[in-house]
Number of protein chains: 2
Amino acid sequence: MTASRALLAVVARSLASVDEDVTLPQYRALIVLGQRGAQRPADLASTLAVTPSTATRMCDRLVTKELVDRDRVAEDRREVRVTLSDRGRTLVDEVTRRRRAEIAGLLGTLPQADRDAVVDALHTFARAAGEVPEPEWAVLP
Amino acid sequence: MTASRALLAVVARSLASVDEDVTLPQYRALIVLGQRGAQRPADLASTLAVTPSTATRMCDRLVTKELVDRDRVAEDRREVRVTLSDRGRTLVDEVTRRRRAEIAGLLGTLPQADRDAVVDALHTFARAAGEVPEPEWAVLP
DNA sequence: CAGAACCGTTGCATTGAGACATGATTGCAC
DNA sequence: GTGCAATCATGTCTCAATGCAACGGTTCTG
């Protein structure tokens, strides 16, 4: 429990430290775009478990912040393609970078032997978690 | 990174699985009350880094949901004491229980030796994280 | 071509978070 | 007792998230 809480603290800090003003739902959308590439608003909506209209407004805000781009698709002009902009990708990368750095910082305080053991164990844990297929898994910060 | 994401997924699920309709800020408030006991709204506010008025409204909503109790203190009738109600405590406990269960379930898929190694490593990690004193640490779900 | 099916957007409404300023009690020092 | 400080509560405002319903293009099908 303590470990999970500690990791959560790291995650929360890495998110909070980004000064760009992005809410959690917005960040989740960015994550999806970063991991799955360009998405249609409807896909985004179903991934995030919200209605299409919510996805549209969210994209509105992200477009205003220039974190995503929104273009109509030429082949089927009904569709819209939402993509992470350069700034959006930078933001996501930055959060990830901070998280890595924080975790590395924590591990750095350990003696080498412990550190190796922890890294191995985290790999094992990640493998165990990965074997239980979960739908929304990966849509998280 | 994968391990941290997996743990985050566990946390998110344990939160989402509670059908009581509680937002993240509200849950954070419940956590604080659970860990530190009765609080004055002002203390709650400073812990959660919001203004007193925000804390008051949050308590309004939590009182409506009967997750906390709010009473004036007899000794100093200016003060208000906010306490976790039985239902509130049950909710917090339930989330914790689910989280433990999920993590235990994951670990259960591992062979005994790996499991022990992971548990040790998580303890080590928690200790390392605990040595870096962090202000908001512990206010997290 | 006409209608169906699809996709995204928009209007309208609700809820929660959050801030700031203001008011109302209460306690304390003088 | 007066005055000041502490402590909440309230009024008012803004903004984000969210859902439902209705609308407006686009494409597909008969």
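All figures in this text were calculated on a predicted structure; none of them were measured in a lab. Computation of the quantities below employed the complete heavy-atom set of this structure, encompassing side-chain atoms and omitting hydrogens, waters and symmetry-equivalent molecules. A note on names: the letters A, B, ... follow the listed sequences, proteins ahead of strands, and every chain is numbered from 1.
If you check every strand for non-hydrogen atoms under 4.0 Å, B:P41 touches sugar and phosphate atoms only.
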Please list, pair by pair, any protein nitrogen or oxygen found under 3.5 Å from a nitrogen or oxygen in nucleotides 16-18 of chain D.
residue, atom, partner, partner atom, Å
D:dA17, OP1, A:T23, OG1, 2.1
D:dA17, OP1, A:Q26, NE2, 3.4
D:dA17, OP2, A:Q26, NE2, 3.0
D:dA17, OP2, A:R61, NH1, 2.6

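Counting heavy atoms of neighbouring residues, nucleotides and ligands inside a 6.0 Å radius, atom CZ of A:R70 exceeds 12 of them. Counting non-hydrogen atoms of other residues, nucleotides and ligands closer than 6.0 Å to CZ of B:R100 gives a total of 12 or fewer.
Protein atom CZ of A:R40 is 14 Å distant from nucleotide atom C1' of D:dT26, rounded to whole Å. Rounding to whole angstrom units, CG of residue A:D60 and P of C:dT9 are separated by 7 Å.
At a cut-off of 3.5 Å, with distance as the only test, no side-chain donor of A:S53 or A:T56 sits close to an acceptor on the other residue.
Two residues are said to be in side-chain contact when any heavy atoms from C-beta on lie closer than 4.5 Å; A:E20 and A:E94 fail this criterion.
For the segment residues 86-96 of chain A, the set of residues with a heavy atom within less than 4.0 Å of an atom of DNA chain D is empty. Contacts of residues 69-81 of chain A with DNA chain D (heavy atom under 4.0 Å): A:E75, A:D76, A:R77, A:R78.
The existence of a salt bridge linking B:E102 and B:R99 is excluded, since no basic side-chain nitrogen approaches an acidic carboxylate oxygen closer than 4.0 Å.
In terms of hydrophobic clustering, with Ile, Leu, Val, Met, Phe, Trp and Tyr side chains grouped at heavy-atom distances under 4.5 Å, A:L30 and A:V63 are assigned to a common cluster.
Here CZ of A:R40 is found 9.0 Å from CZ of A:R78. Values are rounded to the nearest 0.5 Å. Between atom CG of residue B:D114 and atom CG of residue B:L107 there is a gap of 10.5 Å, rounded to the nearest 0.5 Å.
When atom types are taken as modelled, the side chain of A:S85 and the backbone of A:E66 share a donor-acceptor pair closer than 3.5 angstrom. No donor-acceptor pair under 3.5 Å is formed between the side chain of B:R81 and the backbone N or O of B:V73.
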